[in-house]
**Student:** 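Got a structure here, written out as structure tokens. Questions coming.
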Amino acid sequence: MSVPQQTIESLIERPSLLQQLGLRDWLWATAVLAATAFVFAKYGSIMDGYEIGILAMTAPSLIGLGWYWKAFQPYALTVTAFSLLGIGLYGDNYANAEVVFGLKYLVSSQSAVMWMSALFVMATVTYLGGLFSGSEFTLKTGTALTWAALIMGLTGLMVRWYETYLVDPEFGHIPVSNLYEVFILFSLITGLLYLFYEGRYKNRSLGGFVLLVISAAVGFLLWYSYSRGADKILPLVPALKSYWMKIHVPANFVGYGAFALAAMVSVAYLLKSKGERQNPNGLLAKRLPSLDMLDDVTYKAIALGFAFFTIATILGAMWAAEAWGGYWSWDPKETWALIVWLNYAAWLHLRFSKGWRGEPMAWWAIVGLFVTLFAFLGVNMFLSGLHSYGEL
Amino acid sequence: MRNSPTSSTRLINFLGSMNLAISLLVIVAIASVIGTILKQNQPYTDYQIKFGPFWFDLFRSLELYDVYSALWFLGILAFLVISIATCVGRNTPGMLRELRHFRENVQEKSLRAMKHQSTLTTSQSHTEATALATRILHGQGFKTRQKVDAQHTVVAGMKGGMNHWGYWLTHLGMIVIFLGGLLDSRLPLMLAEWQGNLKPETRNIPAGDVPAISQLPPSNFSYRGSVDIPEGSRANILFQPMRDGYFVQHLPFAVEVKEFRVEHYSTGMPKSFESDIVIHDKDLEKPLETTISVNHPLIYKDVAIYQASFGDGGSEVKLRLQPFSTRYAAQDLDGKIFGDYKLTSSDQQYTLELKDFRLFNINDMEGDEGKVTKKNVGPSITFKLRDATGQAIEYQNYMNPVSIKGQYYYISGVRTSPGEPFRYLHIPLDPKGSKDRFFKFLTNMQNNELVKTAAIATTRNSMQQNSLQNAEMENQVIESMVRLTEQFSSKGSDGIMQEIAARFPEEKRENASEAFMKVLNASLRSVYLETLKQEGSQGEPSEADWLFFDDSILAVDKIAAYGSPWLVQLSSFKQIEASGLQITRSPGKDVVYFGSAMLVLGVFLLFYISHRRIWIWIKPQGDNQSDLVMAGSSNRNQPEFERYFNHLQGIFQQVMAHEVKHVSSTTND
Ligand code: HEM
């Protein structure tokens, strides 16, 4: 029963990245490139140089993401299929939203977002049910529902992008321009980040916690669209008409999403730690992942959030330089971004250089979410400044 | 000099300490909050009103109105930068050592004491095992160093040294960003102010009148300010705000605005602002013409010119002042926006200050069916009327009548302070589309003779109908009618309430007011019928006429609190727009961007690369066997490293153990 020499060689020589890729990965890359080429062929003539640059950067990013996280591939393909369905059903008539069955009940942006909202709430309940009952099957259902919600949500955004052009070609813009749209984005990014870690750590017991914050966002979203008609498609104010928006806003929301995830995992940390102290055989102590793992996920999420938030703030500064003539004006939104950033910088230093762990850091991460929330919502509600686009 | 080495070491230890760093990060964050809660750089009078003299002075001495330029705030920032620099300086030698040394001199004991370590025995010779271990580590991307001793060999490997570059890039990047920001800061201006060479101007005077001590030369290193240039004009200055005042910054060229345009979406929202501008510079052969718009600035001679805002550039307007009182005459006035005009035709002296002209007003309007839609209601002017004591009331008057639920009105908004919403006066339009009937009615109300005649006619009429004959009572009623009408037309319903309050005790007021209102109403109706008669209309008033009556009464009621003796009407205009330009010279911008790039790269290196070390300690055991001690450490991501170490250990085990089996299988066969 000797191991062949070849196997030994393969053990010694670590396979290069390209060798690790399978046929499926190459198909994925081909599909992304083909889609990019198609978009360029169809819309290249109305894009400016920067937008073409962004498109060109999107392709390798998506390919890389799909290679790094395999589950992203079927997700992206399903969303593409649904989005194309929506676009196809619309044709060039916005009124179809109320007429065509498939749009009215499934893939018009409003319906898709409704589906997303319902599915997220169902997923939250399911995850929590699974956690309490200890049923692996229920937890798996939670994961499936979350994927479904993410599919509908991103489809909703994609179709909405198309709808903005249908309402009036002059209105057309990427749907990350107001509070309604970014709340969808926030829910999507937080959900995706969660599923990524769920897959990495092979542990579904945190779903109920993370989805709780998404459900809260969904609750706000529904209130906001019903009571304020926020889902109405409006044109952009001149200052927002810039390619910067396409990268600044999503980068920011990777940050917000990751910080929210970290805070919710910290909640789990506190519960687990309390459970272990008070009732070592209780539900919390038994069912939740180990403290080490919770601490690790919190750190990873904050690190990711910090990195993206850094990028987003810098991109924001560059945009401000172009729109207002100054890269830093101490405008309330800018200043609060700095506050959030400094707060997490302090957190990272405490953890890394002073070696702090445990409950104080978990509390700090939770407080961090409130600081973040203020930067994201509170500033728009209570403070006025140059950034007052997404007013409540 | 007491600068003994110990105290300077202590200082460095303090500055470079993690506790200080974390405290500073939190302190900067908290200090930044202040400036977002307290609105910065507002006119000082606003703060005075808001806080009262005591807090106003206290806050001012703490520089809270411009926190981010306050010395104490800059001091904290500087402290943070010094702390970072000290920290980098202190950690660098250690990190360089980390990067250079493979630590191939480790002792077996210390390896065995490590958290990640394992041992295995292989049937390979010492040299074979060493070669294989080296190959595996190379395959994993490690750089290795070997130390061969009499008794054993150590293969020391490491990778991920870039992580330390991450530390340098992140922290030096921060310093670079701060230095770049310093280049663009107002620190030089503040220094010059300190030395007494500069003083911000706080008066609102033409740029030409600003004294030299508030002016800055074109050679100035960095600046950022704004200037409004009316169409057809040019400027070679900008206003750089400083606390409650400004400096006049001269530019090395002049900017002319040829035309300013606003484009609108179909909803009436603005879609784009743009200006056709011309740069006049003696270094240019011919003037440089271009168009700038929001998000698309022009950069010329390191100076960036942005489309920031727009406003009125001194539009010419013709106004008609229609008095509410018969004691004054109507008056016409030719004015320009931003002009001040003395008005002398009333009892009081007023100054009319024209503030703004707007061609479009997109307002929420209630349509006929009560549905609210956005509608353009046409041009408006905004002005202030300031009395002799200096009190001012602000007005916003629309030029064209506006339809509300099918009826047309002239609309004028009024408020006494900028924070309030406007309250509106609605003057109804008569069927001919003019406000003549309203003013005629108002004039008649103020004419006691006419009121009396009308009152007598109505009273007689109704008394006859009721077959009452009482001369005294008749006179009383007529007298009340005249007096109440006079009160109402000069003071509104408040006047009536005052009259009641003065004449009746508390418990009788309700009944009295009911009776008074009846009398007043009868009188007003009679005056109104008289007005209609004067207009030449015959027969019974229509329902529309009575609606007009109701609207008029509402309007007259409001005039008392309206504050202006006239209705100021815009009769014609010539619009002149001004383009609001933001002009910046910012030599530090690229430095900041460079620092930012360092920061981003550094952060990713710090988070996603860890510095890992693996040691393989190989000790020969007889001819064909060796003992291996394998150990590793990483400076980051311990859980991940643990997984990695186990994986690596698996590789070693499989590769080396295979050899054992291989050997044994050959002997057994
Ligand atoms: C705004 C200021 C600062 C920012 C944004 C910043 C950012 C960072 C980041 C992101 C890390 C990586 C943490 C991790 O991997 O979890 C780090 C590490 C570190 N920082 Fe800072 N830092 C700042 C100021 C300081 C100051 C003032 C000091 C001085 C005491 C300092 C000392 C360190 C040290 C010693 C490390 C560990 C580096 C290593 O061993 O690899 N930092 N910093």
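So you know, we letter chains A, B, ... as the sequences are listed, proteins then strands, and number each from 1.
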**Student:** Checking heavy atoms, do the side chain of A/Asp292, its backbone, both or neither come under 4.5 Å from chain B?
**Tutor:** neither
**Student:** In terms of heavy-atom proximity below 4.5 Å to chain B, should A/Met293 be classed as side chain, backbone, both, or neither?
**Tutor:** neither
**Student:** Return the CD1 to CD1 distance between A/Ile314 and B/Ile177, rounded to the nearest 0.5 Å.
**Tutor:** 5.5 Å
**Student:** Is chain A contacted by the side chain of B/Phe652, its backbone, both, or neither, given a heavy-atom distance below 4.5 Å?
**Tutor:** neither
**Student:** For A/Leu350, which atoms come within 4.5 Å of any heavy atom of chain B: side chain, backbone, both, or neither?
**Tutor:**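 Both parts, backbone and side chain.
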**Student:** Tell me whether A/Arg200 is salt-bridged to B/Glu640, with the criterion being a basic N under 4.0 Å from an acidic carboxylate O.
**Tutor:**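 Between B/Glu640 and A/Arg200 there is no salt bridge, as every charged N stays at least 4.0 Å from the carboxylate O atoms.
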**Student:** Look at A/Thr313, A/Asn343, A/Ile339 and state which one has the largest set of heavy-atom pairs under 4.5 Å with chain B.
**Tutor:** A/Ile339
**Student:** Counting the benzene-type ring for Trp, do A/Trp328 and B/Tyr68 have ring centres under 6.0 Å apart?
**Tutor:** no
**Student:** Counting only non-hydrogen atoms closer than 4.5 Å, does B/Ser272 touch chain A with its backbone (N, CA, C, O), its side chain (CB onward), both, or neither?
**Tutor:**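 The backbone, not the side chain.
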**Student:** B/Asp184 and A/Tyr327: which non-hydrogen atoms are nearest, and at how many Å?
**Tutor:**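 Here B/Asp184 and A/Tyr327 meet closest at OD2-OH, 2.6 Å.
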**Student:** Contact part of A/Leu236 toward chain B, heavy-atom cut-off under 4.5 Å: side chain, backbone, both or neither?
**Tutor:**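 For A/Leu236, heavy atoms of backbone and side chain both lie under 4.5 Å from chain B.
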**Student:** If only atom types and distance count, is the side chain of B/Thr584 paired as donor or acceptor with the main-chain N or O of A/Gly325 below 3.5 Å?
**Tutor:**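 Yes, B/Thr584 side chain to A/Gly325 backbone: donor-acceptor pair under 3.5 Å.
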**Student:** Relative to chain A, which segment of B/Gln582 carries a heavy atom at a distance below 4.5 Å: side chain, backbone, both, or neither?
**Tutor:** side chain
**Student:** So, for B/Ser32 and A/Trp330, which heavy atoms are closest and what is the spacing to 0.1 Å?
**Tutor:** OG-CZ3, 4.2 Å
